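Right, one structure below, let's go through it.
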Number of protein chains: 2
Amino acid sequence: MTSIPSHTPQYMWIKAQLLQRIQSGALKKGDKLPSERELCTIFNTTRTTIRESLSQMEANGLIWRSDRRGWFVAPERLWLDPTQNTNFHQLSREQGREPQTTLLSGTLTTVPVEAVEALQLHPFDQIYLLTRLRSVDGRAVCYCENHCLPARVPELLSHDLNGSLTEVYETHYKLIYTSMHLSFYPTAMPAQAAQPLGVMEGRPALLLRRLNYDQYGRVLDLDIEYWRHDSLRIEVDTH
Amino acid sequence: MTSIPSHTPQYMWIKAQLLQRIQSGALKKGDKLPSERELCTIFNTTRTTIRESLSQMEANGLIWRSDRRGWFVAPERLWLDPTQNTNFHQLSREQGREPQTTLLSGTLTTVPVEAVEALQLHPFDQIYLLTRLRSVDGRAVCYCENHCLPARVPELLSHDLNGSLTEVYETHYKLIYTSMHLSFYPTAMPAQAAQPLGVMEGRPALLLRRLNYDQYGRVLDLDIEYWRHDSLRIEVDTH
DNA sequence: GTTTTCCTTTGGTATATACCAGATTTATAT
DNA sequence: ATATAAATCTGGTATATACCAAAGGAAAAC
């Protein structure tokens with residue numbers, strides 16, 4: 001099929017074909033696409049070309065890959081209004097999804113360089129560092145690193161950290177998330193987040209960095225979250 | 001160099017090498033990278049591998065490509081606080097950048113389907129549709145589609161639309177952007193935006209959709225913006 | 001029935017090569 | 001000097017092929 005250059009690349013045409021299958025409902029959310037090699041024979045081309053189509057649809061957030069398992073039609077994005085103080089669990093349930101948080105690690109360590117300034121600490125101060133994995137409907141969507149101040153939340157590690165941190169803060173320390181500074185932009189998935197999310201290092205990702213303040217206006221913690229780039233949408237209402 | 005599988009792919013190593021050149025300042029913002037073919041000989045590999053490294057660094061927002069001209073080190077992101085009512089020109093200048101807006105087209109047309117509901121119109125109502133291109137420091141970063149209501153801004157097209165719409169609204173119609181509903185997420189660059197931005201269709205992009213209200217709480221217009229994914233960062237402060 | 005082992009499938013990585021089209025530069029003609 | 005044409009450089013697209021590693025399922029051993 002090298003005859004007609006046709007000005008629109010082949011991978012575009014293939015992309016359009018796959019898109020139609022999704023939009024028509026022939027392929028539903030969660031469905032597995034044919035394997036790359038099957039698609040090669042279906043569209044009579046090579047994996048390089050097929051993978052170009054798939055990569056672009058992945059960038060679009062339409063499909064996602066599970067390493068060595070295949071390509072799947074992506075579910076709806078979760079949406080977040082950063083000006084509302086809803087936590088992950090509330091938010092998910094309100095949107096009819098089933099949230100889950102699992103603690104990957106919780107340690108007392110020296111504050112990472114990138115967090116020193118935000119937390120107003122000295123270079124070798126200690127913090128609680130929690131790494132947690134968040135899933136919606138069984139699919140891992142977010143890897144979080146919580147940098148918490150021992151001064152605010154002593155003995156933090158003795159509590160159950162598999163749920164909402166907000167609630168732990170409130171019930172055990174009488175501290176309430178009151179305001180925050182949030183930063184949000186697309187970047188590439190770093191190694192530590194890639195592993196637990198089952199995403200390849202270097203693929204598109206969303207970085208959400210949140211510096212939280214308590215009801216007294218003091219810095220409470222720094223939350224660095226890496227989201228699957230196809231799983232989150234920011235919605236802000238300034239009414 | 002196929003000897004040691006080493007568990008970390010070759011493109012990662014190349015990526016790290018290039019990254020070092022950027023971080024050390026050997027390659028400065030705006031600089032052109034060696035051509036893909038040159039990189040092939042430098043790192044003794046093929047274009048497929050080199051392009052994998054480059055694509056990932058592009059996803060990272062570290063470098064960008066100018067079609068058939070080469071790869072360049074990316075400038076700083078512009079940042080935007082959607083809760084502040086600063087327009088593009090203010091915002092850019094405050095951040096020490098030189099903004100520019102050029103009108104690509106301005107017409108009175110039937111409202112696009114995706115805008116009907118938001119603008120509370122009927123399927124065949126007319127709107128002013130402006131398409132504009134925004135640049136910072138000479139680099140196109142954003143393609144906007146403004147869907148404006150003739151009821152609010154009659155004879156809109158008779159004004160100069162190469163600057164700030166905010167100002168046109170204010171000076172000619174006494175209308176002020178007061179609140180908005182904003183939606184923000186990564187997606188792929190659509191054809192109409194790809195062309196003027198000089199980005200390839202299907203590459204990662206940021207979609208920013210903004211429904212604006214005037215001082216009377218009425219819908220004013222719908223703004224759909226496609227940003228280069230490496231050029232914008234959202235910052236929200238809830239203090 | 002349960003565990004272990006092996007095979008198959010799947011995506012991940014990589015080489016080698018080729019041609020195209022737009023952008024840029026150089027050479028040429030005016 | 002300027003305009004025009006040609007050569008060259010660059011990324012964009014595509015084919016063909018190969019091997020690897022992890023995931024999943026099937027077969028074998030217990």
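These numbers were taken from a predicted model, which means no experiment stands behind them. To find a chain, count down the sequence lines: A is the first, B the second, and so on, and within it residues start at 1.
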**Message:** Output the rounded distance in Å from NZ (A:K15) to P (D:dT13).
**Reply:** 10 Å
**Value in whole Å for how far the P atom of D:dT13 lies from CD1 of A:I14** = 12 Å
**B:Q10 CD - C:dA14 P separation (whole Å)** = 5 Å
**Message:** Could you check whether any side-chain heavy atom of A:P112 comes within less than 4.5 Å of a side-chain heavy atom of A:I127, counting everything from C-beta outward?
**Reply:** yes
**Asked** Can A:E145 and A:T131 be counted as having a side-chain donor-acceptor contact under 3.5 angstrom?
**Response** no
**Within-4.5 Å side-chain heavy-atom neighbours: A:D81 and A:T86** = no
**Item:** Nearest-angstrom distance from the residue atom CE of A:M57 to C1' of C:dG11
**Value:** 17 Å
**Request:** Report yes if a donor N or O on one partner sits less than 3.5 Å from an acceptor N or O on the other, where the partners are the side chain of A:R69 and the base of D:dA23; otherwise report no.
**Result:** no
**Request:** For A:W13 and D:dT13, give me the distance from atom CH2 to atom C1', rounded to whole Å.
**Result:** 17 Å
**Item:** Nearest-Å distance for atom pair CD/C1', residues A:E58 and C:dG12
**Value:** 13 Å
**Asked** Are any of the side-chain nitrogens in A:D230 or A:R139 under 4.0 Å away from the carboxylate oxygens of its partner?
**Response** yes
**Item:** Rounded interatomic separation in angstrom, taking OH from B:Y11 and P from C:dT13
**Value:** 3 Å
**Asked** Can you find a pair of side-chain heavy atoms, one from A:L78 and one from A:F88, that are under 4.5 Å apart?
**Response** yes
**Request:** Would you mind reporting whether B:L232 and B:V141 have side-chain heavy atoms less than 4.5 Å apart?
**Result:** no
**Asked** Mapping A:R68 and B:S66 to their closest nucleotides on DNA chain D, which lands nearer the 5' end?
**Response** B:S66
**Request:** Tell me yes or no: between the side chains of A:T102 and A:N162, is some donor less than 3.5 Å from an acceptor?
**Result:** no
**Item:** Proximity to DNA chain D (any heavy atom under 4.0 Å), residues of residues 45-56 of chain A only
**Value:** A:T45, A:T46, A:R47, A:T48, A:T49
**Request:** Scan residues 31-40 of chain A against DNA chain D and write down, sorted by residue number, each residue with any heavy atom closer than 4.0 Å; if none is found, say none.
**Result:** A:R37
**Fill in**
Between CZ of B:R203 and C1' of D:dG11 the distance, given in whole Å, is 12 Å
**Asked** Knowing that exactly one of B:H229, B:R203, B:R51 qualifies, which makes a side-chain hydrogen bond (donor to acceptor under 3.5 Å, both in side chains) with B:E58?
**Response** B:R203
**Complete:** Looking only at D:dA14, C:dT13, C:dG12, the nucleotide nearest the B:P9 side chain is C:dT13
**Prompt:** Any Lys/Arg nitrogen of A:K29 or A:D137 sitting under 4.0 Å from an Asp/Glu carboxylate oxygen of the other?
**Reply:** no
